[in-house]
Peer 1: 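Quick one: this structure, given as C-alpha coordinates, is what I'll be asking you about.
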Amino acid sequence: MPPPQSTPSPLPPEISPELESWAKAWFQDGQLDFPADFRWGTATSAHQVEGNNTLNQWWAFEQIPGAIWHGDRSGWACDWWRHAEPDLDQMAALHQNAHRLSVEWSRIEPQPGHFDHSALDRYREILGGLRDRGIEPLVTLHHFTNPLWLERRGGWEDGGVVALFRRFVETTVQALGDLCSFWCTINEPMVYVAQGWFLGQWPPQRSHFPTAMRVTRHLLFAHAEAYHAIHRIQPDAMVGYAKHVRLFQGLRPGHPLDRYAAGLKRWLFEHLWVAATGDGLLRPPLAGFERDPRLVGTRDYFGVNYYTQDRTRFTPNPLHLFGVEQFPPHVEQSEPGRHGRPFAAFAPEGLYQVCQELQRHAPGVPIYITENGVPDREDRLRPRWLVAHLQQLHRAIQDGCHVRGYYHWTLVDNFEWAEGWGLRFGLFALDPTTQERTPRPSAYLYREIARRNAVPRSLEVPPPRP
Ligand code: FCB
(Lines give C-alpha, C1' and ligand atoms only; values in the text may rest on other atoms or scores of the structure.)
Protein backbone atom coordinates (compact mmCIF):
# COMPACT_ATOMS: atom_id res chain seq x y z
CA MET A 1 0.00 0.00 0.00
CA PRO A 2 1.52 3.32 -0.98
CA PRO A 3 1.44 5.93 1.74
CA PRO A 4 -0.92 8.87 1.46
CA GLN A 5 0.31 11.40 -1.04
CA SER A 6 1.03 13.91 1.64
CA THR A 7 2.21 17.39 0.74
CA PRO A 8 3.77 18.80 3.86
CA SER A 9 3.82 22.55 3.71
CA PRO A 10 7.13 24.35 4.10
CA LEU A 11 8.24 25.07 7.62
CA PRO A 12 6.24 28.24 8.19
CA PRO A 13 8.11 30.82 10.22
CA GLU A 14 5.39 30.95 12.81
CA ILE A 15 5.15 27.18 13.38
CA SER A 16 6.86 27.42 16.73
CA PRO A 17 7.71 30.85 18.09
CA GLU A 18 9.34 29.16 21.09
CA LEU A 19 11.74 27.24 18.89
CA GLU A 20 12.37 30.36 16.87
CA SER A 21 13.50 32.27 19.91
CA TRP A 22 15.41 29.27 21.23
CA ALA A 23 17.37 29.11 17.95
CA LYS A 24 18.10 32.83 18.12
CA ALA A 25 19.18 32.55 21.74
CA TRP A 26 22.16 30.47 20.66
CA PHE A 27 23.60 33.66 19.24
CA GLN A 28 23.31 35.68 22.43
CA ASP A 29 27.10 35.71 22.89
CA GLY A 30 27.83 36.77 19.32
CA GLN A 31 28.50 34.94 16.11
CA LEU A 32 31.30 33.58 13.94
CA ASP A 33 30.79 34.70 10.36
CA PHE A 34 31.39 32.40 7.41
CA PRO A 35 32.71 33.50 3.99
CA ALA A 36 30.12 35.25 1.82
CA ASP A 37 29.70 32.50 -0.77
CA PHE A 38 29.63 29.62 1.73
CA ARG A 39 27.31 26.74 0.80
CA TRP A 40 24.84 25.55 3.40
CA GLY A 41 23.05 22.34 2.56
CA THR A 42 21.88 18.93 3.54
CA ALA A 43 22.88 15.60 2.01
CA THR A 44 20.79 12.61 0.92
CA SER A 45 21.23 9.53 -1.24
CA ALA A 46 18.85 8.03 -3.78
CA HIS A 47 18.08 4.66 -2.20
CA GLN A 48 17.67 6.18 1.23
CA VAL A 49 15.02 8.69 0.16
CA GLU A 50 13.40 7.77 -3.16
CA GLY A 51 11.42 4.66 -2.26
CA ASN A 52 10.04 1.61 -4.02
CA ASN A 53 13.00 0.80 -6.22
CA THR A 54 13.19 -2.96 -6.73
CA LEU A 55 16.01 -2.78 -9.27
CA ASN A 56 19.08 -2.60 -7.05
CA GLN A 57 21.00 -4.97 -4.81
CA TRP A 58 19.97 -3.20 -1.61
CA TRP A 59 16.30 -3.86 -2.23
CA ALA A 60 17.14 -7.53 -2.74
CA PHE A 61 19.28 -7.56 0.41
CA GLU A 62 16.46 -6.05 2.47
CA GLN A 63 14.30 -9.07 1.67
CA ILE A 64 16.73 -11.44 3.43
CA PRO A 65 15.44 -12.18 6.94
CA GLY A 66 17.78 -10.67 9.53
CA ALA A 67 19.69 -8.54 7.05
CA ILE A 68 18.30 -5.26 8.38
CA TRP A 69 17.88 -4.25 12.01
CA HIS A 70 14.33 -4.96 13.28
CA GLY A 71 13.53 -6.50 9.87
CA ASP A 72 13.01 -3.00 8.44
CA ARG A 73 12.78 -2.29 4.72
CA SER A 74 13.29 0.88 2.75
CA GLY A 75 9.73 0.68 1.38
CA TRP A 76 8.59 4.10 0.27
CA ALA A 77 11.55 5.69 2.09
CA CYS A 78 10.88 9.46 1.98
CA ASP A 79 8.79 9.04 -1.17
CA TRP A 80 11.05 11.32 -3.20
CA TRP A 81 10.62 9.51 -6.49
CA ARG A 82 7.01 10.67 -6.51
CA HIS A 83 7.16 13.70 -4.21
CA ALA A 84 10.55 15.23 -3.60
CA GLU A 85 9.21 18.74 -4.13
CA PRO A 86 7.74 19.38 -0.66
CA ASP A 87 11.14 18.56 0.82
CA LEU A 88 12.79 20.92 -1.65
CA ASP A 89 10.43 23.57 -0.29
CA GLN A 90 11.63 22.72 3.20
CA MET A 91 15.22 23.23 2.10
CA ALA A 92 14.33 26.65 0.78
CA ALA A 93 12.49 27.44 4.01
CA LEU A 94 15.70 26.54 5.86
CA HIS A 95 17.60 29.13 3.77
CA GLN A 96 19.66 26.43 2.09
CA ASN A 97 21.67 27.33 -0.99
CA ALA A 98 23.04 23.82 -1.65
CA HIS A 99 21.97 20.19 -1.57
CA ARG A 100 23.83 16.93 -2.14
CA LEU A 101 21.79 14.08 -3.64
CA SER A 102 22.55 10.98 -5.66
CA VAL A 103 21.20 9.45 -8.83
CA GLU A 104 20.29 5.79 -8.91
CA TRP A 105 22.16 3.80 -11.55
CA SER A 106 19.54 1.03 -11.51
CA ARG A 107 16.75 3.45 -12.41
CA ILE A 108 18.74 5.14 -15.15
CA GLU A 109 20.07 1.89 -16.65
CA PRO A 110 17.63 -0.82 -15.59
CA GLN A 111 19.06 -3.24 -18.17
CA PRO A 112 22.64 -3.19 -19.45
CA GLY A 113 22.90 -0.59 -22.19
CA HIS A 114 19.19 0.36 -21.98
CA PHE A 115 18.78 3.81 -20.55
CA ASP A 116 15.44 4.91 -19.16
CA HIS A 117 14.91 8.47 -20.29
CA SER A 118 11.87 8.91 -18.09
CA ALA A 119 14.12 8.31 -15.07
CA LEU A 120 16.57 10.90 -16.34
CA ASP A 121 13.62 13.26 -16.86
CA ARG A 122 12.57 12.78 -13.24
CA TYR A 123 16.09 13.72 -12.15
CA ARG A 124 15.87 16.76 -14.43
CA GLU A 125 12.70 17.78 -12.60
CA ILE A 126 14.35 17.42 -9.21
CA LEU A 127 17.54 19.23 -10.23
CA GLY A 128 15.51 21.96 -11.92
CA GLY A 129 13.37 22.17 -8.78
CA LEU A 130 16.47 22.73 -6.69
CA ARG A 131 17.79 25.39 -9.05
CA ASP A 132 14.43 27.18 -9.14
CA ARG A 133 14.67 27.48 -5.38
CA GLY A 134 18.20 28.88 -5.49
CA ILE A 135 19.73 25.60 -4.32
CA GLU A 136 22.91 24.43 -6.06
CA PRO A 137 22.95 20.65 -6.56
CA LEU A 138 25.93 18.39 -5.93
CA VAL A 139 25.21 15.05 -7.56
CA THR A 140 26.75 11.76 -6.43
CA LEU A 141 26.94 9.09 -9.12
CA HIS A 142 27.50 6.05 -6.90
CA HIS A 143 26.18 5.90 -3.36
CA PHE A 144 26.43 2.22 -2.34
CA THR A 145 23.77 0.84 -4.72
CA ASN A 146 24.15 -1.11 -7.96
CA PRO A 147 21.73 -2.37 -10.59
CA LEU A 148 20.88 -6.03 -10.03
CA TRP A 149 22.16 -6.88 -13.50
CA LEU A 150 25.58 -5.53 -12.51
CA GLU A 151 25.60 -7.57 -9.30
CA ARG A 152 24.78 -10.70 -11.27
CA ARG A 153 27.79 -10.22 -13.53
CA GLY A 154 30.16 -9.88 -10.57
CA GLY A 155 29.51 -6.30 -9.51
CA TRP A 156 32.60 -4.43 -8.37
CA GLU A 157 34.67 -7.61 -8.16
CA ASP A 158 34.82 -7.87 -11.93
CA GLY A 159 37.04 -5.40 -13.80
CA GLY A 160 34.35 -4.89 -16.45
CA VAL A 161 32.58 -2.57 -14.01
CA VAL A 162 35.01 0.25 -14.80
CA ALA A 163 33.85 0.66 -18.41
CA LEU A 164 30.22 0.07 -17.45
CA PHE A 165 30.35 2.79 -14.80
CA ARG A 166 31.97 5.19 -17.26
CA ARG A 167 29.19 4.57 -19.80
CA PHE A 168 26.53 5.20 -17.16
CA VAL A 169 28.29 8.37 -16.04
CA GLU A 170 28.64 9.68 -19.60
CA THR A 171 24.95 9.16 -20.33
CA THR A 172 23.92 10.74 -17.05
CA VAL A 173 26.17 13.77 -17.34
CA GLN A 174 25.10 14.35 -20.93
CA ALA A 175 21.46 14.26 -19.85
CA LEU A 176 21.79 16.37 -16.70
CA GLY A 177 24.84 18.51 -17.38
CA ASP A 178 22.93 21.72 -18.10
CA LEU A 179 21.48 21.51 -14.57
CA CYS A 180 24.56 20.42 -12.65
CA SER A 181 28.29 20.89 -12.93
CA PHE A 182 29.26 19.74 -9.44
CA TRP A 183 29.78 15.97 -9.27
CA CYS A 184 30.82 13.38 -6.74
CA THR A 185 31.84 10.18 -8.48
CA ILE A 186 31.79 7.72 -5.59
CA ASN A 187 30.54 8.02 -2.05
CA GLU A 188 32.72 6.58 0.72
CA PRO A 189 34.59 3.99 -1.34
CA MET A 190 36.36 2.52 1.68
CA VAL A 191 33.16 2.25 3.73
CA TYR A 192 31.60 0.41 0.81
CA VAL A 193 34.61 -1.92 0.60
CA ALA A 194 34.87 -2.46 4.36
CA GLN A 195 31.17 -3.23 4.82
CA GLY A 196 30.80 -5.38 1.71
CA TRP A 197 34.11 -7.26 1.51
CA PHE A 198 35.74 -7.07 4.90
CA LEU A 199 33.10 -6.95 7.64
CA GLY A 200 30.58 -8.71 5.40
CA GLN A 201 27.63 -6.77 6.80
CA TRP A 202 26.40 -5.26 3.53
CA PRO A 203 25.88 -6.91 0.17
CA PRO A 204 27.65 -8.92 -1.17
CA GLN A 205 28.49 -9.94 2.43
CA ARG A 206 32.01 -11.16 1.89
CA SER A 207 35.02 -11.20 4.19
CA HIS A 208 38.02 -11.62 1.96
CA PHE A 209 40.86 -9.15 2.11
CA PRO A 210 42.40 -9.76 -1.35
CA THR A 211 38.98 -9.29 -2.95
CA ALA A 212 38.48 -6.13 -0.90
CA MET A 213 41.69 -4.75 -2.39
CA ARG A 214 40.65 -5.77 -5.92
CA VAL A 215 37.32 -3.98 -5.46
CA THR A 216 39.19 -0.91 -4.20
CA ARG A 217 41.30 -0.84 -7.36
CA HIS A 218 38.18 -1.08 -9.52
CA LEU A 219 36.57 1.75 -7.57
CA LEU A 220 39.68 3.88 -8.03
CA PHE A 221 39.81 3.27 -11.77
CA ALA A 222 36.05 3.79 -12.11
CA HIS A 223 36.41 7.07 -10.26
CA ALA A 224 39.31 8.16 -12.48
CA GLU A 225 37.54 7.18 -15.71
CA ALA A 226 34.42 9.02 -14.57
CA TYR A 227 36.51 12.06 -13.62
CA HIS A 228 37.99 12.31 -17.11
CA ALA A 229 34.71 11.47 -18.87
CA ILE A 230 32.90 14.28 -17.02
CA HIS A 231 35.64 16.77 -17.86
CA ARG A 232 35.46 15.81 -21.54
CA ILE A 233 31.74 16.63 -21.50
CA GLN A 234 31.95 19.60 -19.12
CA PRO A 235 35.45 21.10 -19.06
CA ASP A 236 34.57 23.43 -16.17
CA ALA A 237 32.90 20.83 -13.97
CA MET A 238 33.99 20.37 -10.36
CA VAL A 239 34.55 16.64 -9.84
CA GLY A 240 35.62 14.77 -6.74
CA TYR A 241 34.56 12.03 -4.33
CA ALA A 242 33.20 11.89 -0.78
CA LYS A 243 35.71 10.33 1.57
CA HIS A 244 34.66 9.11 4.98
CA VAL A 245 37.37 10.03 7.48
CA ARG A 246 37.70 8.57 10.98
CA LEU A 247 41.20 9.66 12.05
CA PHE A 248 42.04 6.39 13.81
CA GLN A 249 44.20 7.01 16.86
CA GLY A 250 45.61 4.66 19.51
CA LEU A 251 43.19 4.17 22.39
CA ARG A 252 45.72 4.03 25.23
CA PRO A 253 48.01 7.06 25.21
CA GLY A 254 51.62 6.08 24.59
CA HIS A 255 50.78 2.44 23.87
CA PRO A 256 52.93 1.53 20.86
CA LEU A 257 50.82 -1.40 19.65
CA ASP A 258 47.62 0.65 19.77
CA ARG A 259 49.44 3.29 17.78
CA TYR A 260 50.64 0.74 15.25
CA ALA A 261 47.16 -0.73 14.78
CA ALA A 262 45.60 2.73 14.41
CA GLY A 263 48.28 3.66 11.88
CA LEU A 264 47.52 0.56 9.84
CA LYS A 265 43.82 1.43 9.77
CA ARG A 266 44.53 4.99 8.72
CA TRP A 267 46.79 3.74 5.97
CA LEU A 268 44.20 1.29 4.63
CA PHE A 269 41.04 3.26 5.21
CA GLU A 270 42.19 6.80 4.61
CA HIS A 271 45.59 7.23 3.05
CA LEU A 272 45.55 4.68 0.20
CA TRP A 273 42.64 6.28 -1.58
CA VAL A 274 43.42 9.94 -0.99
CA ALA A 275 47.08 9.55 -1.95
CA ALA A 276 46.32 7.53 -5.09
CA THR A 277 44.01 10.24 -6.42
CA GLY A 278 46.82 12.74 -5.89
CA ASP A 279 50.03 11.22 -7.21
CA GLY A 280 48.51 8.22 -9.01
CA LEU A 281 50.48 5.67 -6.96
CA LEU A 282 48.86 2.38 -5.96
CA ARG A 283 50.50 1.70 -2.63
CA PRO A 284 50.64 -1.70 -0.89
CA PRO A 285 48.52 -3.67 -0.29
CA LEU A 286 46.60 -2.27 -3.27
CA ALA A 287 49.59 -2.95 -5.50
CA GLY A 288 53.35 -2.52 -5.39
CA PHE A 289 53.69 1.26 -5.88
CA GLU A 290 52.73 1.20 -9.56
CA ARG A 291 51.70 4.57 -10.91
CA ASP A 292 48.60 4.86 -13.05
CA PRO A 293 48.52 8.19 -14.85
CA ARG A 294 44.72 8.09 -15.09
CA LEU A 295 44.51 8.62 -11.33
CA VAL A 296 46.76 11.65 -11.01
CA GLY A 297 45.04 14.73 -9.59
CA THR A 298 41.52 13.36 -10.02
CA ARG A 299 39.91 15.59 -7.41
CA ASP A 300 38.95 19.17 -8.04
CA TYR A 301 37.82 19.32 -4.43
CA PHE A 302 37.87 17.06 -1.39
CA GLY A 303 34.52 15.84 -0.14
CA VAL A 304 34.77 14.95 3.54
CA ASN A 305 32.22 12.83 5.39
CA TYR A 306 33.05 13.22 9.06
CA TYR A 307 31.04 11.85 11.98
CA THR A 308 33.49 10.87 14.68
CA GLN A 309 37.01 9.88 15.54
CA ASP A 310 37.90 6.23 16.14
CA ARG A 311 40.25 4.95 18.85
CA THR A 312 41.95 1.67 18.13
CA ARG A 313 43.02 -0.91 20.68
CA PHE A 314 45.55 -3.53 19.61
CA THR A 315 44.46 -7.13 19.22
CA PRO A 316 46.69 -9.94 17.93
CA ASN A 317 43.87 -11.03 15.63
CA PRO A 318 44.81 -10.40 11.97
CA LEU A 319 41.15 -10.80 10.99
CA HIS A 320 40.56 -7.48 12.75
CA LEU A 321 43.66 -6.02 11.13
CA PHE A 322 45.24 -6.01 14.59
CA GLY A 323 42.87 -3.45 16.05
CA VAL A 324 39.37 -3.05 17.41
CA GLU A 325 37.70 0.31 17.54
CA GLN A 326 36.09 1.71 20.63
CA PHE A 327 35.23 5.12 21.94
CA PRO A 328 37.03 6.45 24.98
CA PRO A 329 34.95 6.32 28.16
CA HIS A 330 33.64 9.62 29.55
CA VAL A 331 33.15 11.08 26.08
CA GLU A 332 29.60 11.90 25.11
CA GLN A 333 28.22 9.26 22.76
CA SER A 334 25.31 9.05 20.37
CA GLU A 335 22.53 6.48 20.20
CA PRO A 336 23.73 2.93 19.63
CA GLY A 337 23.20 1.08 16.37
CA ARG A 338 22.18 -2.55 15.93
CA HIS A 339 25.37 -3.98 17.42
CA GLY A 340 25.07 -1.95 20.59
CA ARG A 341 28.01 0.31 19.81
CA PRO A 342 27.20 4.02 19.72
CA PHE A 343 27.28 5.35 16.17
CA ALA A 344 29.57 8.22 17.16
CA ALA A 345 31.43 9.84 20.02
CA PHE A 346 31.59 13.62 20.31
CA ALA A 347 34.85 14.65 18.62
CA PRO A 348 34.33 17.94 16.76
CA GLU A 349 38.06 18.87 16.78
CA GLY A 350 38.53 15.99 14.35
CA LEU A 351 36.83 18.09 11.71
CA TYR A 352 39.46 20.79 12.18
CA GLN A 353 42.21 18.19 12.00
CA VAL A 354 40.89 16.65 8.75
CA CYS A 355 40.74 20.06 7.07
CA GLN A 356 44.28 20.88 8.17
CA GLU A 357 45.64 17.54 7.00
CA LEU A 358 43.98 17.73 3.60
CA GLN A 359 45.13 21.29 3.09
CA ARG A 360 48.71 20.31 3.89
CA HIS A 361 48.43 17.28 1.61
CA ALA A 362 47.06 19.26 -1.33
CA PRO A 363 47.32 23.02 -0.80
CA GLY A 364 44.66 25.00 -2.61
CA VAL A 365 42.26 22.13 -3.30
CA PRO A 366 38.91 23.27 -1.86
CA ILE A 367 37.14 21.22 0.79
CA TYR A 368 33.44 20.56 1.17
CA ILE A 369 32.04 18.77 4.18
CA THR A 370 29.79 16.45 2.21
CA GLU A 371 28.30 14.76 5.32
CA ASN A 372 28.23 15.38 9.05
CA GLY A 373 25.48 14.66 11.55
CA VAL A 374 24.40 12.45 14.41
CA PRO A 375 21.62 9.92 14.99
CA ASP A 376 19.44 11.49 17.66
CA ARG A 377 15.74 10.75 17.65
CA GLU A 378 15.01 13.13 20.53
CA ASP A 379 17.34 15.88 19.28
CA ARG A 380 19.11 16.06 22.62
CA LEU A 381 22.66 16.09 21.27
CA ARG A 382 22.21 17.37 17.72
CA PRO A 383 21.97 21.12 18.40
CA ARG A 384 25.22 21.22 20.35
CA TRP A 385 27.01 18.75 18.03
CA LEU A 386 25.99 20.84 15.05
CA VAL A 387 27.26 24.07 16.55
CA ALA A 388 30.47 22.49 17.88
CA HIS A 389 31.37 20.99 14.48
CA LEU A 390 30.65 24.25 12.69
CA GLN A 391 32.78 26.16 15.18
CA GLN A 392 35.68 23.85 14.30
CA LEU A 393 35.01 24.43 10.63
CA HIS A 394 35.09 28.17 11.20
CA ARG A 395 38.39 27.76 13.01
CA ALA A 396 39.80 25.77 10.08
CA ILE A 397 38.75 28.51 7.65
CA GLN A 398 40.32 31.16 9.89
CA ASP A 399 43.53 29.13 9.85
CA GLY A 400 43.67 29.12 6.06
CA CYS A 401 41.71 26.02 4.97
CA HIS A 402 39.65 26.47 1.82
CA VAL A 403 36.41 25.07 3.18
CA ARG A 404 33.59 26.10 0.85
CA GLY A 405 30.49 24.30 2.09
CA TYR A 406 28.79 22.09 4.64
CA TYR A 407 26.09 19.49 3.92
CA HIS A 408 24.36 18.25 7.04
CA TRP A 409 23.31 14.60 7.05
CA THR A 410 20.34 14.81 6.67
CA LEU A 411 17.14 16.77 5.96
CA VAL A 412 14.49 14.16 6.83
CA ASP A 413 15.00 10.81 8.61
CA ASN A 414 15.75 8.25 5.93
CA PHE A 415 16.46 4.55 5.45
CA GLU A 416 19.80 4.04 7.19
CA TRP A 417 21.10 0.94 5.34
CA ALA A 418 21.53 -2.11 7.61
CA GLU A 419 20.30 -0.04 10.58
CA GLY A 420 16.99 0.43 8.75
CA TRP A 421 14.78 3.02 10.45
CA GLY A 422 16.63 2.48 13.73
CA LEU A 423 18.93 5.49 13.45
CA ARG A 424 17.37 8.89 12.88
CA PHE A 425 19.59 11.57 11.39
CA GLY A 426 16.98 14.06 10.16
CA LEU A 427 16.51 17.73 10.92
CA PHE A 428 12.90 16.60 10.38
CA ALA A 429 11.49 13.48 11.99
CA LEU A 430 9.65 11.18 9.59
CA ASP A 431 6.87 8.71 10.16
CA PRO A 432 7.55 6.40 7.20
CA THR A 433 4.00 5.01 7.27
CA THR A 434 2.16 8.30 7.02
CA GLN A 435 5.05 10.27 5.48
CA GLU A 436 4.40 12.94 8.06
CA ARG A 437 7.36 15.21 8.81
CA THR A 438 7.92 17.08 12.06
CA PRO A 439 10.73 19.59 12.43
CA ARG A 440 13.15 18.84 15.21
CA PRO A 441 14.50 21.84 17.12
CA SER A 442 17.75 21.53 15.15
CA ALA A 443 15.88 22.48 11.97
CA TYR A 444 15.27 25.91 13.49
CA LEU A 445 18.84 26.20 14.62
CA TYR A 446 20.26 25.21 11.22
CA ARG A 447 17.91 27.64 9.52
CA GLU A 448 19.17 30.43 11.76
CA ILE A 449 22.78 29.46 10.99
CA ALA A 450 22.20 29.46 7.23
CA ARG A 451 20.16 32.67 7.38
CA ARG A 452 22.92 34.52 9.24
CA ASN A 453 25.75 32.72 7.41
CA ALA A 454 27.24 32.38 10.88
CA VAL A 455 27.42 30.05 13.88
CA PRO A 456 27.02 30.94 17.53
CA ARG A 457 30.25 32.05 19.15
CA SER A 458 29.75 30.08 22.33
CA LEU A 459 28.51 26.62 23.15
CA GLU A 460 26.79 27.86 26.27
CA VAL A 461 23.55 26.03 26.63
CA PRO A 462 20.80 28.50 25.62
CA PRO A 463 17.54 28.83 27.52
CA PRO A 464 15.59 25.60 27.65
CA ARG A 465 13.57 24.82 24.58
CA PRO A 466 9.93 23.86 24.78
C1 FCB B 1 27.42 7.65 5.68
C2 FCB B 1 26.68 7.34 4.39
C3 FCB B 1 25.27 7.88 4.36
C4 FCB B 1 24.57 7.70 5.69
C5 FCB B 1 25.42 8.28 6.81
C6 FCB B 1 24.78 8.20 8.17
O7 FCB B 1 28.40 6.69 5.88
O8 FCB B 1 27.36 7.88 3.29
O9 FCB B 1 24.58 7.25 3.31
O10 FCB B 1 24.30 6.37 5.87
O11 FCB B 1 26.65 7.61 6.84
Side-chain angles (χ1 to χ4, degrees), residues 188-195 198-202 207 209 212 242-275 285 302 304-358 360-361 369 371-376 380-382 384-393 395-396 409 416-419 422-423 425 459:
E188 298 191 341
M190 299 316 291
V191 170
Y192 180 54
V193 169
Q195 294 281 10
F198 186 67
L199 302 169
Q201 291 173 357
W202 290 2
S207 290
F209 192 78
K243 182 76 190 73
H244 188 112
V245 179
R246 299 187 74 86
L247 300 172
F248 300 90
Q249 197 187 329
L251 178 72
R252 292 164 291 184
H255 197 291
L257 290 176
D258 285 6
R259 204 172 60 233
Y260 159 78
L264 179 64
K265 300 268 173 124
R266 281 211 84 185
W267 175 265
L268 291 170
F269 190 80
E270 272 149 33
H271 194 60
L272 282 183
W273 181 281
V274 173
F302 286 115
V304 173
N305 293 2
Y306 178 79
Y307 289 88
T308 194
Q309 174 161 29
D310 261 323
R311 304 289 177 125
T312 306
R313 187 190 177 97
F314 175 77
T315 158
N317 187 347
L319 293 177
H320 290 132
L321 298 173
F322 304 105
V324 284
E325 279 59 53
Q326 74 193 57
F327 296 126
H330 316 305
V331 174
E332 188 172 51
Q333 304 188 350
S334 79
E335 284 169 8
R338 70 187 308 198
H339 299 295
R341 185 182 186 233
F343 177 86
F346 183 66
E349 325 74 40
L351 197 52
Y352 176 83
Q353 187 186 330
V354 179
C355 295
Q356 288 282 355
E357 287 186 7
L358 286 174
R360 268 199 302 276
H361 172 75
I369 308 308
E371 287 181 29
N372 170 246
V374 59
D376 184 15
R380 287 201 192 92
L381 307 171
R382 190 178 287 106
R384 213 160 32 78
W385 285 40
L386 174 62
V387 170
H389 285 81
L390 290 173
Q391 288 177 345
Q392 294 296 326
L393 213 52
R395 188 178 144 222
W409 187 275
E416 181 48 36
W417 309 113
E419 316 284 329
L423 291 181
F425 283 85
L459 257 188

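Only heavy atoms go into these numbers, but all of them, side chains included; no hydrogens, no water, no symmetry mates.
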Peer 1: Sequence neighbours left out, what passes salt bridge (charged side-chain N to carboxylate O under 4.0 Å, His left out) with D376? Give chain and number order.
Peer 2: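 With neighbours one apart ignored, the set is empty.
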Peer 1: Looking at residues at least two apart in the chain, or sitting in another chain, which of them share a salt bridge (charged side-chain N to carboxylate O under 4.0 Å, His left out) with R311?
Peer 2: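 Salt bridge (charged side-chain N to carboxylate O under 4.0 Å, His left out) check on R311 returns nothing, list empty.
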Peer 1: Any side-chain to backbone donor/acceptor pair from R313 onto G250? Under 3.5 Å, distance only.
Peer 2: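 Not at all, since once roles are kept as given, no pair shorter than 3.5 Å links the two residues.
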Peer 1: Using a 4.5 Å cut-off on heavy atoms from C-beta on, say whether the side chain of N305 contacts that of K243.
Peer 2: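 The answer is no; the side chains never approach within 4.5 Å.
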Peer 1: Could you work out, with salt bridge (charged side-chain N to carboxylate O under 4.0 Å, His left out) as the rule, every residue matching R252, not counting sequence neighbours?
Peer 2: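 R252 satisfies salt bridge (charged side-chain N to carboxylate O under 4.0 Å, His left out) with D258 once adjacent residues are dropped.
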Peer 1: Could you pull out the closest heavy-atom pair between P256 and G254, with the gap in Å?
Peer 2: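 That would be CD-O, 3.2 Å.
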Peer 1: Could you walk me through whether V191 and W202 pass the side chain to side chain contact (heavy atoms under 4.5 Å, CB included) check?
Peer 2: CA-CA 10 Å; V191 170; W202 290 2; 4.1 Å; yes
Peer 1: State, to 0.1 Å, how close I369 and N372 come at their nearest heavy-atom pair, and which atoms those are.
Peer 2: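 Taking every non-hydrogen atom into account, CG2-CB, 4.0 Å.
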Peer 1: Give me the atom names and distance for the closest heavy-atom approach of G350 to L247.
Peer 2: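 Looking at all heavy atoms of both residues, the shortest contact is O-CD1, 3.4 Å.
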Peer 1: Check the orientation of H244 and Y307. Use parallel for under 30°, tilted for 30 to 60°, and perpendicular for over 60°.
Peer 2: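 Rings of H244 and Y307: parallel, under 30°.
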Peer 1: List in chain and number order the residues that pass side chain to side chain donor-acceptor pair (under 3.5 Å) with Y352, two or more places apart in sequence or in another chain; answer none if no residue qualifies.
Peer 2: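 Here the qualifying residues are Q356, D399.
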Peer 1: Which residues pass the side chain to side chain contact (heavy atoms under 4.5 Å, CB included) test with F198, sequence neighbours left out?
Peer 2: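 Side chain to side chain contact (heavy atoms under 4.5 Å, CB included) check on F198 returns F209, L321.
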Peer 1: Among residues at least two apart in sequence or on other chains, which ones pass ring pair (Phe, Tyr, Trp, His ring centres under 6.0 Å) with F302?
Peer 2: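 None.
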Peer 1: Can you list the residues that meet the side chain to side chain donor-acceptor pair (under 3.5 Å) rule with W417, with sequence neighbours excluded?
Peer 2: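 Checked W417 against side chain to side chain donor-acceptor pair (under 3.5 Å); matches are Q48.
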Peer 1: I'd like to check the salt bridge (charged side-chain N to carboxylate O under 4.0 Å, His left out) partners of E371; sequence neighbours left out, ordered by chain and number.
Peer 2: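 Once residues adjacent in sequence are excluded, the partners of E371 under the salt bridge (charged side-chain N to carboxylate O under 4.0 Å, His left out) criterion are R100.
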Peer 1: Do the non-hydrogen side-chain atoms of P285 and L272 ever get within less than 4.5 Å of each other?
Peer 2: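 Yes, their side chains come closer than 4.5 Å.
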Peer 1: Please name all residues satisfying ring pair (Phe, Tyr, Trp, His ring centres under 6.0 Å) with F346, sequence neighbours left out, ordered by chain then number.
Peer 2: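 Scan of F346 (ring pair (Phe, Tyr, Trp, His ring centres under 6.0 Å), adjacent residues dropped) gives W385.
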Peer 1: If the threshold is 4.0 Å, N to carboxylate O, is there a salt bridge linking E332 and R384?
Peer 2: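 Yes, charged N to carboxylate O under 4.0 Å.
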Peer 1: Looking at side-chain heavy atoms only, is the closest gap between P348 and V387 below 4.5 Å?
Peer 2: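 Not in contact.
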Peer 1: Scan residues 335-344 for pairs that pass side-chain hydrogen bond (donor to acceptor under 3.5 Å, both in side chains), counting only residues two or more places apart or in two chains.
Peer 2: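 Output for this query lists D310-R341.
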Peer 1: Side chain of Q333, backbone of P342: donor and acceptor closer than 3.5 Å?
Peer 2: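 Pair absent, no side-chain N/O of Q333 close to backbone of P342.
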Peer 1: I need the minimum non-hydrogen distance between F343 and T308, along with the two atoms involved.
Peer 2: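 Residues F343 and T308, closest heavy atoms: O-CG2, 4.2 Å.
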Peer 1: What closest approach, in Å, do A242 and P189 show between heavy atoms, and which atom pair accounts for it?
Peer 2: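 Taking A242 first and P189 second, the nearest heavy atoms are O-CD, 3.7 Å.
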Peer 1: Report the C-alpha separation of V274 and L358 in whole Å, then their side-chain angles, then the decisive distance to 0.1 Å, and conclude whether the side chain to side chain contact (heavy atoms under 4.5 Å, CB included) test is met.
Peer 2: CA-CA 9 Å; V274 173; L358 286 174; 4.2 Å; yes
Peer 1: With rounding to the nearest 0.5 Å, note down the distance linking CZ in F269 to CE in M190.
Peer 2: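 Going from the CZ atom of F269 to the CE atom of M190 covers 7.0 Å.
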Peer 1: Return the NE2 to OG1 distance between H255 and T312, rounded to the nearest 0.5 Å.
Peer 2: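 Interatomic distance, H255 NE2 to T312 OG1, rounded to 0.5 Å: 12.5 Å.
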Peer 1: Donor-acceptor pairs under 3.5 angstrom involving side-chain atoms of residues 259-267: please list them, not counting sequence neighbours.
Peer 2:
from	atom 1	to	atom 2	distance (Å)
K265	NZ	H320	O	3.2
K265	NZ	G323	O	2.9
K265	NZ	E325	OE1	3.0
K265	NZ	E325	OE2	3.2
R266	NE	E270	OE1	2.8
R266	NH1	E357	OE1	3.4
R266	NH1	E357	OE2	3.3
R266	NH2	E270	OE1	3.2
R266	NH2	E357	OE1	2.9
W267	NE1	P284	O	2.8

Peer 1: Which value, rounded to the nearest 0.5 Å, describes the distance between S334 atom OG and R380 atom CZ?
Peer 2: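 The CZ atom of R380 is 13.0 Å from OG of S334, to the nearest 0.5 Å.
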Peer 1: With sequence neighbours left out, write down each residue that passes side chain to side chain contact (heavy atoms under 4.5 Å, CB included) with L199, or none if nothing qualifies.
Peer 2: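 For L199, the residues satisfying side chain to side chain contact (heavy atoms under 4.5 Å, CB included) (neighbours in sequence not counted) are Q195, Q201.
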